[in-house]
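Scroll down for the structure; my scribbles are underneath it.
Just follow the structure's listing: the first ligand is 1, and inside any ligand the first atom is 1.
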Amino acid sequence: MLEARHVGSAELRIGDRVCHLPILEGNGGERVLDIRRLRADCGMTTLDYGYANTASCKSDITYLNGEEGVLLYRGYPIEELAEKSRFVEVAYLLVHGSLPTRKEHDRFSDLLNRHSLLHEDMTHFFYRYPEHAHPMAILSAMVVSLSTFYPELSGNDVDEELDITTTRLLSKMRTIAAFSYKKTAGEPFVYPRHDLSYCANFLNMMFSSPVSPYEIKPELVKALNVLLILHADHEQNCSTSAVRLVGSARVNLYAAVSSGICALWGPLHGGANQMVIEMLEGIARDGGDVKKCIERAKDRRDPFRLYGFGHRVYKTYDPRARIIKNTCHEVLQVLNKKDPLLDIARELEARALEDDFFIERRLYPNVDFYSGIIYRAMGFPTEMFTVFFALGRLPGWIAHWKESLEDPEFRIQRPRQVYTGPNLRHYVPLDKRS
Ligand code: CMC
């Protein structure tokens, strides 16, 4: 890990006490106040809802500049990776820190193939979920269940163990995702094939059936690669922070990733891709009038939000949304499909971007705004959208879990609070309470 530079110090005066807080600078030029000695030296902590001003760690994995819309994985621009790379290669890059050589790539792909099958006993689990179980609940439960079938290896070769656990998770999570869909569709499971690439295999497991084999279109394989690459990491977002936090208790990787899946499910995070489509469908049902939806999103008394818009870090167009918007157009062309929801989405975007409410708050489309339209065109049901996000984010979660455990400054994550409850009081027996 490269060290953040020490570039000065700030003075904090509290009464007679003076605290010197070091100022550190990261590689992207961002400056942070190092408050690690604050409580010990000044007897105070900080209050920061949503951790909007708090760096929880140092990280080498992803650089994000929200003012300029820059996103780099291990230094490589997201635009280059989306255009030239494939998801498996990006997964390797995130977890191991560099692009694989041919030999490393082939070994990684071989491991992905070797670990793609689920233990046959696990396939029975799918039948015990109620018919309308959300696939994100199934995914999270199945991933933590992997720890009961595949306990972590206890050999001495850490790199080898990490390779196996990483590829096992990447490969099996794809199989779990496809099986959870097949279960809800009431169709037989389609097993992974060694002759297919990661994304082609996934499409085949989702859409092939014993009565009609699925024609794998290379353009759709490419589009799925692009989507998974765009979702592969996004530094300290909610689900990645969940993985780091749960992982900091030193649970196994499966348990930490399972908690990340649960966090991602939320409508303010990865669940927004499902919410966007439901919102667009609602507008279509309502006659296609986008103005009403914008007015609702602006109404401070209404909890409704314009899903797929706004971001904690991006204060400009999300670079991932730009790529997805173009991919969306290409996929619809390849499939020779027209989706009225795309027209509604475009109009909604245009209207929002010229509205003062969104301009003042610097709210732009995010990664979730257009992705659902691609998934829909490919034939994926709405409830599966966040599952794809999870599949894409998995290498990022693994990379952060690994980095946090290898960090020499590692500590269990345990924030403080400002207590605002009652002062000391004494227990009153039940029949004496008024
Ligand atoms: N629609 C309407 N108003 C919004 C929206 C939106 N989508 N996003 C932010 N605002 C308003 C918000 O009400 C607040 O207004 P005011 O200053 O008057 O109180 C202001 O903009 C700042 O918003 P915030 O809630 O303080 O921002 P945040 O950084 O805490 O939240 C967010 C970020 C992504 C949760 C939020 O923008 C949001 O709820 N967006 C809709 C859900 C969504 O698309 N989520 C996917 C995020 S990107 C993929 C991912 O990481 O999962």
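Close approach to A272 involves these atoms of ligand 1, each under 4.0 Å from a residue heavy atom: 43 (C), 44 (O), 45 (N), 46 (C). Short contacts between ligand 1 and V367, defined as distances under 4.0 Å to a heavy atom of the residue, involve ligand atoms 49 (C). The distance from ligand 1 to the heavy atoms of G270 drops below 4.0 Å at these ligand atoms: 52 (O). Atoms of ligand 1 found under 4.0 Å from any heavy atom of R312, numbered from 1 in the order shown, are 28 (P), 29 (O), 30 (O), 33 (C).
Heavy atoms of F357 found under 4.0 angstrom from ligand 1 belong exclusively to the side chain. Contacts between M275 and ligand 1 below 4.0 angstrom, taking non-hydrogen atoms only, are absent altogether.
Aromatic ring centroids of F202 and F388 lie under 6.0 Å apart. The ring of Y191 has its center closer than 6.0 angstrom to the ring center of F179. Checked against a 6.0 Å centroid threshold, the rings of H234 and H311 count as neighbours. Here Y307 and F385 keep their ring centres 6.0 angstrom or further from each other. With ring centers used as reference points, F380 lies under 6.0 Å from F207.
Using a 4.0 Å cutoff on heavy atoms, F304 does not count as a contact of ligand 1. Ligand 1 is approached by G308 to a heavy-atom distance shorter than 4.0 Å. Under the 4.0 angstrom criterion for non-hydrogen atoms, K298 is not in contact with ligand 1.
Applying the 6.0 Å contact sphere to CD of E11 captures more than 12 heavy atoms from other residues, nucleotides or ligands. For R361, the CZ atom is densely surrounded, since the number of other residues' heavy atoms within 6.0 Å is greater than 12. Other residues, nucleotides and ligands contribute only 12 or fewer heavy atoms inside 6.0 Å of the OH atom of Y51.
With respect to atom 10 (N) of ligand 1, the closest heavy atom belonging to the protein is L363 CD1, 3.6 Å. The protein heavy-atom contact nearest to atom 34 (C) of ligand 1 is G310 O, 3.7 Å. Scanning the protein heavy atoms around atom 49 (C) of ligand 1, the nearest turns out to be D368 OD2, 3.3 Å. Regarding atom 19 (O) of ligand 1, its nearest protein heavy-atom neighbour is R300 NH2, 3.7 Å. At the shortest separation from atom 50 (C) of ligand 1 among protein heavy atoms lies H269 ND1, 3.3 Å. Ranking protein heavy atoms by distance to atom 2 (C) of ligand 1, first place goes to A297 O, 3.6 Å. Here the heavy atom of the protein found nearest to atom 31 (O) of ligand 1 is R305 NH1, 4.3 Å. Here the protein heavy atom with the shortest distance to atom 17 (O) of ligand 1 is R361 NE, 3.7 Å.
Remark: ligand 1 and F309 share an N or O pair separated by less than 3.5 Å (distance only, no angle test). Checked against a 3.5 angstrom limit, the closest N/O atoms of N237 and ligand 1 fall outside it. In terms of N/O distances under 3.5 Å, ligand 1 is not approached by Y307. The shortest N or O to N or O distance between L306 and ligand 1 is below 3.5 Å. Of the polar atoms of R320, none of the N or O atoms is found under 3.5 Å from an N or O of ligand 1, judged by distance alone. In terms of N/O distances under 3.5 Å, ligand 1 is approached by L268.
Between the side chain of Y314 and the main chain of N65, no donor-acceptor pair closer than 3.5 Å is present. Panel note: side chain E83, backbone E80; no donor-acceptor pair is recorded below 3.5 Å. A donor-acceptor pair under 3.5 Å is formed between the side chain of K182 and the backbone N or O of M206.
In this structure, CG in L112 is found 7.0 Å from CZ in R174, a value given to the nearest 0.5 Å. Between T54 atom OG1 and Q236 atom CD the span is 12.0 Å, to the nearest 0.5 Å. Atom CG of L94 sits about 12.0 Å away from atom CG of D60, to the nearest 0.5 Å. Note that CD1 of I324 and CZ of F369 are 12.0 Å apart. Values are rounded to the nearest 0.5 Å.
Contact annotation for atom 27 (O) of ligand 1: protein absent (non-hydrogen atoms, distance under 4.0 Å). Protein heavy atoms are absent from the 4.0 Å sphere centred on atom 22 (C) of ligand 1.
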